[in-house]
Protein chains: 2
Amino acid sequence: MTTRAVRSRDDVVRTAGKLFAERGYHGTSMRDLAAELGLLGSSLYSHISSKEDLLVEVVEKGAHLFQSSADAALATSGTAAKRLKALVAGHVDVVLDHLDEVRTFLNEAGVLDEVHRSRVLAARDRYEASYREVLSEMKVADPKLAAIFLLSILNALERWYRPTGSLQRQDLVDEILGFALNGIRR
Amino acid sequence: MTTRAVRSRDDVVRTAGKLFAERGYHGTSMRDLAAELGLLGSSLYSHISSKEDLLVEVVEKGAHLFQSSADAALATSGTAAKRLKALVAGHVDVVLDHLDEVRTFLNEAGVLDEVHRSRVLAARDRYEASYREVLSEMKVADPKLAAIFLLSILNALERWYRPTGSLQRQDLVDEILGFALNGIRR
DNA sequence: CCTACCGATCGGTAGG
DNA sequence: CCTACCGATCGGTAGG
């Protein structure tokens, strides 16, 4: 006899994040998602109410992780340089520990309806403002542009970094900070 | 009487690039594409043979633009620093002048079948190798990582830069080069 | 380039 | 969580 799979709502949301990250929202069907969980498509609707709601939940989880990380980093006592280091280390941790939610947050937010999309854009801007603020404290000439450049490096990690490689997490943080502070002349 | 729209194959490919860039490959239906051209879905098939072929064509156009740009930059005489500047200026030109093909190249290549995807990955690695080579000539400590960081900044332009803003193209190039060479301490 | 289709798949529901 | 569906939309074809 075959056993029926029984899944929690959290299983559904987490697996949705995985598939949205890998194949994109429009590239993932509800039947794909159900199959990944060992269910039939219709069974998903006892856990969630719509595919769109699932995307909202995953993307907002990503947004929340980044904001929590930034809030903690800004609360670090000491110099602004130390807070910048905490911001970068926190960002790296969020990307590497919650890759699916981060990828969905970064790449699929554009699919959301107007209301949710603008909420996500606002969250992103608030997060970026944390970087601008610390960079301002460090008397950087153009904190806005510096924040964009640093976050470009950080957000791109999702596209190339593999934890199985030779570059360890702490080294990665140091390399990014070194590059941001001094460029390639080190 | 209403006039029949008559489109060229190139119109179809260019418009496909626009929609793939904006909504993603899976978020664009052939009827969406046709409507954007003032046609009915079935009319597209006198120009192209499949939706997948359309994606291949747009992505390979993006790959080709970047490679041509790098080849020209590497042919620049003078110092390695000058060649790096040519690489960065060329990349910025490609992104700003061919935004749709670039966005599709960067964000939708993963949708391609195995054969085409690995071809695109190889093209990307060849392009990145141009950066590694020039950075090596400049005696950078870790040319591989420096190339990744610089390209992270360059590829992210697609996500935030608006030509209507106050930052001009040449200033953008200078800012990126300054950041890459010296970091935020300038 | 349009008319008229095709089978397959989509997100989702009713009811058990 | 499954069975049995639903109408809508998908990529694509035949023929003019």
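Just so you know, these numbers use all the heavy atoms, side chains as well, and skip hydrogens, waters and symmetry mates. So you know, we letter chains A, B, ... as the sequences are listed, proteins then strands, and number each from 1.
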Test side chain to side chain contact (heavy atoms under 4.5 Å, CB included) applied to A:Asp100 - qualifying residues, sequence neighbours left out: A:Lys18, A:Ala21
Looking at residues at least two apart in the chain, or sitting in another chain, which of them share a side-chain hydrogen bond (donor to acceptor under 3.5 Å, both in side chains) with A:Glu52? none
Residues that A:Glu133 engages under side-chain hydrogen bond (donor to acceptor under 3.5 Å, both in side chains), provided they are two or more places apart: none
Applying side-chain hydrogen bond (donor to acceptor under 3.5 Å, both in side chains), which residue pairs with at least one partner in residues 161-171 of chain B are found, sequence neighbours left out? B:Asp93-B:Arg169, B:Asp97-B:Arg169, B:Gln170-B:Asp174
Interatomic distance where CG belongs to B:Leu37 and P belongs to C:dC2 [whole Å]: 11 Å
Side chain to side chain contact (heavy atoms under 4.5 Å, CB included) partners for A:Val56, two or more places apart: A:Glu60, A:Leu112, A:His116
A:Asp10: salt bridge (charged side-chain N to carboxylate O under 4.0 Å, His left out) partners, not counting sequence neighbours: A:Arg14
Rounded to the nearest 0.5 angstrom, the CG-CG distance for B:Asn155 and B:Leu150 is 9.5 Å
Applying a 3.5 angstrom cut-off to the pairing atoms, does DNA chain D sit in any stems of at least three consecutive Watson-Crick or G-U pairs? List them by first number. C:1-16 with D:1-16
Under a 4.0 Å heavy-atom criterion, the protein footprint on nucleotides 8-16 of chain D, written with B, S and -, is --BBBB---
Checking B:Arg159 now: which residues fulfil side chain to side chain contact (heavy atoms under 4.5 Å, CB included) with it, not counting sequence neighbours? A:Leu106, A:Asn107, A:Arg159, B:Asn107
Whole Å only: how far is the CG atom of B:Leu44 from the P atom of C:dC1? 9 Å
